[in-house]
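Reading through the structure tokens given below for one structure.
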2 protein chains.
Amino acid sequence: MIMIRPFRPVLDRLTAAGLRPTRQRLALARLLFDSGDRHVTAEQLHQQAVGNGVKVSLATVYNTLNQFTASGLLREVAVDSRRSYFDSNTELHHHFFNQDTEQLIDISGDAVAVSHLPSAPDGTVIDGVDVIIRVRAS
Amino acid sequence: MIMIRPFRPVLDRLTAAGLRPTRQRLALARLLFDSGDRHVTAEQLHQQAVGNGVKVSLATVYNTLNQFTASGLLREVAVDSRRSYFDSNTELHHHFFNQDTEQLIDISGDAVAVSHLPSAPDGTVIDGVDVIIRVRAS
DNA sequence: GTGTTTGCAAAGTGTTTGCAATTTA
DNA sequence: TAAATTGCAAACACTTTGCAAACAC
């Protein structure tokens, strides 16, 4: 099945999220959203931006990733207690995590079924279900 | 169903794992294994040890948690990119993570069924499947 | 006694923050 | 021009490490 994600120019996304489309945010948004689903750390995105001639500081990359996540443009994936990974795919889905290369690979939401979900502890509601399949070189 | 875990004195566990049963390791092992399943951060375990009159440094707690994990006595759970959680239950199971209290709660392995597991990417094998159900106060 | 482990303080890694300068609307 | 954003450097939280003293066998 081919998923067509509603195309949305990055500028629209930013303004819709209430974020001023500054030069840095536009450049980072293009890197994140204009080439399919991506999984990046702040350091990786910063390197890529700088490599593409975008002048942006690492601090701004961190702030931008956090703002994008808070606005729902990105999703944070907890796989490693050392660093944060940000996922440009915000739809329901899961991940393979290659422990050798430290790379994430999407698993579409309906490729995995989590059944018999126990009910949340008293006084709590379910906020999300993360499935991470850890793999390593065979 | 009541699960009886094969009882094993902490001293035996340590020597079986090839770790010298030092005063610090014995004390930490007792805190970790003598009262059911536990989920702790290094800081929490250190505080508890000190609170119980055990003289041990935070650095040793970190080293010990890592050694125990490497020996299979503990399992590390990645839920938060800030700190590491260690789980004294090494059997196959999953977790609720309360995002308000930052506490983990076990979900027994057979309470959740992950079906249709996609096969691992070429050249890799599955090493483990983590299911984390994030909850928050309702 | 010999090799292992500990504790301390220092260093390391990833991330956030204060604030003046710059940019956006 | 007023408010938001940036970049830098400093601060921060968590974790690891080097090394001398203490300990286990």
Side-chain angles (χ1 to χ4, degrees), chain A residues 10-31 39-50 52-71 73-87 97 102 104, chain B residues 10-31 39-50 53-71 73-74 76-86 102 104:
Chain A
V10 290
L11 198 146
D12 281 14
R13 292 202 193 211
L14 295 185
T15 52
L19 298 168
R20 285 192 182 177
T22 64
R23 182 176 57 72
Q24 290 87 338
R25 294 212 268 234
L26 278 167
L28 296 176
R30 283 196 205 95
L31 293 175
H39 304 96
V40 297
T41 63
E43 190 67 55
Q44 287 167 358
L45 184 60
H46 181 242
Q47 299 256 314
Q48 194 193 357
V50 169
N52 284 26
V54 177
K55 282 187 61 185
V56 61
S57 71
L58 182 56
T60 295
V61 172
Y62 272 107
N63 291 334
T64 302
L65 286 171
N66 287 333
Q67 291 155 352
F68 284 10
T69 302
S71 316
L73 267 41
L74 290 177
R75 171 181 160 193
E76 193 172 350
V77 185
V79 276
D80 186 327
S81 59
R82 261 175 299 287
R83 55 193 140 257
S84 287
Y85 284 79
F86 295 88
D87 189 343
F97 181 63
E102 301 198 322
L104 283 165
Chain B
V10 292
L11 198 147
D12 282 14
R13 292 203 192 210
L14 295 185
T15 51
L19 298 168
R20 282 194 184 175
T22 63
R23 184 177 55 74
Q24 290 86 337
R25 295 212 268 234
L26 277 168
L28 297 176
R30 283 197 205 95
L31 292 175
H39 304 98
V40 296
T41 63
E43 190 67 54
Q44 286 168 359
L45 184 60
H46 181 242
Q47 299 258 314
Q48 195 193 358
V50 169
V54 177
K55 284 188 60 184
V56 61
S57 71
L58 182 56
T60 295
V61 172
Y62 272 106
N63 291 334
T64 302
L65 287 171
N66 287 333
Q67 292 156 351
F68 284 10
T69 303
S71 317
L73 266 41
L74 291 177
E76 194 172 350
V77 185
V79 276
D80 185 328
S81 59
R82 260 178 303 285
R83 50 189 146 263
S84 287
Y85 284 79
F86 296 87
E102 302 198 320
L104 283 165

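Lettering follows sequence order; numbering is per chain, from 1.
- If you check every strand for non-hydrogen atoms under 4.0 Å, A/Arg20 touches a base.
- Considering all non-hydrogen atoms of both residues, A/Ala29 and A/Leu14 come closest at CB-CD2, 4.5 Å.
- If you check every strand for non-hydrogen atoms under 4.0 Å, B/Thr41 touches nothing.
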Paired and unpaired positions of DNA chain D as dot-bracket, Watson-Crick or G-U wobble under 3.5 Å, | denoting a partner strand:
|||||||||||||||||||||||||

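- With sequence neighbours left out, the side-chain contact (heavy atoms from CB on, under 4.5 Å) criterion links B/Ala49 to B/Leu28, B/Leu31, B/Val54, B/Val56.
- Once rounded to the nearest 0.5 Å, the distance linking CZ of A/Phe86 with CG of A/Leu65 reads 5.0 Å.
- In terms of the salt bridge (charged side-chain N to carboxylate O under 4.0 Å, His left out) criterion, residue partners of A/Arg82 (sequence neighbours excluded) are, by chain and number, A/Asp80.
- At a threshold of 4.0 angstrom between heavy atoms, the contacts of A/Arg82 are confined to the sugar-phosphate backbone, with no base atom among them.
- Taking OH from A/Tyr62 and OG1 from A/Thr41, the interatomic distance works out to 7.0 Å, rounded to the nearest 0.5 Å.
- Two residues, A/Glu43 and B/Ser57, neighbour DNA chain C, and the one matched to the more 5' nucleotide by heavy-atom proximity is B/Ser57.
- Each of B/Arg83 and B/Pro21 was matched to the nucleotide of DNA chain D holding its nearest heavy atom; the match closer to the 5' end belongs to B/Arg83.
- Under the rule for a side chain to side chain donor-acceptor pair (under 3.5 Å), the partners of A/Asp87 that lie at least two apart in sequence or sit in another chain are A/His39, A/His93, A/His95.
- To the nearest 0.5 Å, atom CD of residue A/Gln44 and atom OH of residue A/Tyr85 are 6.0 Å apart.
- Contacts between residues 60-71 of chain B and DNA chain D, counted as heavy-atom distances below 4.0 Å, involve B/Tyr62, B/Asn63, B/Asn66.
- Within the structure, every side-chain polar atom (N or O) of A/Ser81 is placed at least 4.0 Å from both OP1 and OP2 of D/dT15.
- The 5' end of DNA chain D is approached more closely, in terms of each residue's nearest nucleotide, by A/Val56 than by the other of A/Val56 and B/Ala42.
- Not counting sequence neighbours, the partners of B/Thr60 by the side chain to side chain donor-acceptor pair (under 3.5 Å) test are B/Ser57.
- For B/Arg20, the side-chain contact (heavy atoms from CB on, under 4.5 Å) partners two or more places apart in sequence, or in a different chain, are B/Thr22, B/Arg25.
- Within residues 23-31 of chain B, the residues having any heavy atom closer than 4.0 Å to DNA chain C are, in order of number, B/Gln24, B/Arg25.
- Note that the CZ atom of A/Arg13 and the CG atom of A/Leu26 stand 12.5 Å from one another [nearest 0.5 Å].
- For A/Thr22 and D/dA4, the shortest distance from a side-chain N or O to OP1 or OP2 is not below 4.0 Å.
- Taking all atoms of both residues into account, the shortest heavy-atom contact from B/Ala78 to A/Val79 is CB-O, 3.5 Å.
- Every residue two or more places apart in sequence or in another chain that forms a side-chain contact (heavy atoms from CB on, under 4.5 Å) with B/Ala17 is listed here: B/Leu19, B/Ser71, B/Leu73.
- Read 5' to 3', the first and last nucleotides of DNA chain C with an atom closer than 4.0 Å to a heavy atom of chain B are C/dG3 to C/dC8.
- Atom CG in B/Leu58 sits roughly 14 Å away from atom P in D/dA13 (whole-Å rounding).
- Under the rule for a side chain to side chain donor-acceptor pair (under 3.5 Å), A/Thr15 has no partner lying at least two apart in sequence or in another chain.
- Checked against salt bridge (charged side-chain N to carboxylate O under 4.0 Å, His left out), A/Glu102 has the following partners two or more places apart in sequence or in another chain: A/Arg83.
- Here D/dG7 presents its C1' atom at 10 Å from NZ of A/Lys55, a figure rounded to the nearest Å.
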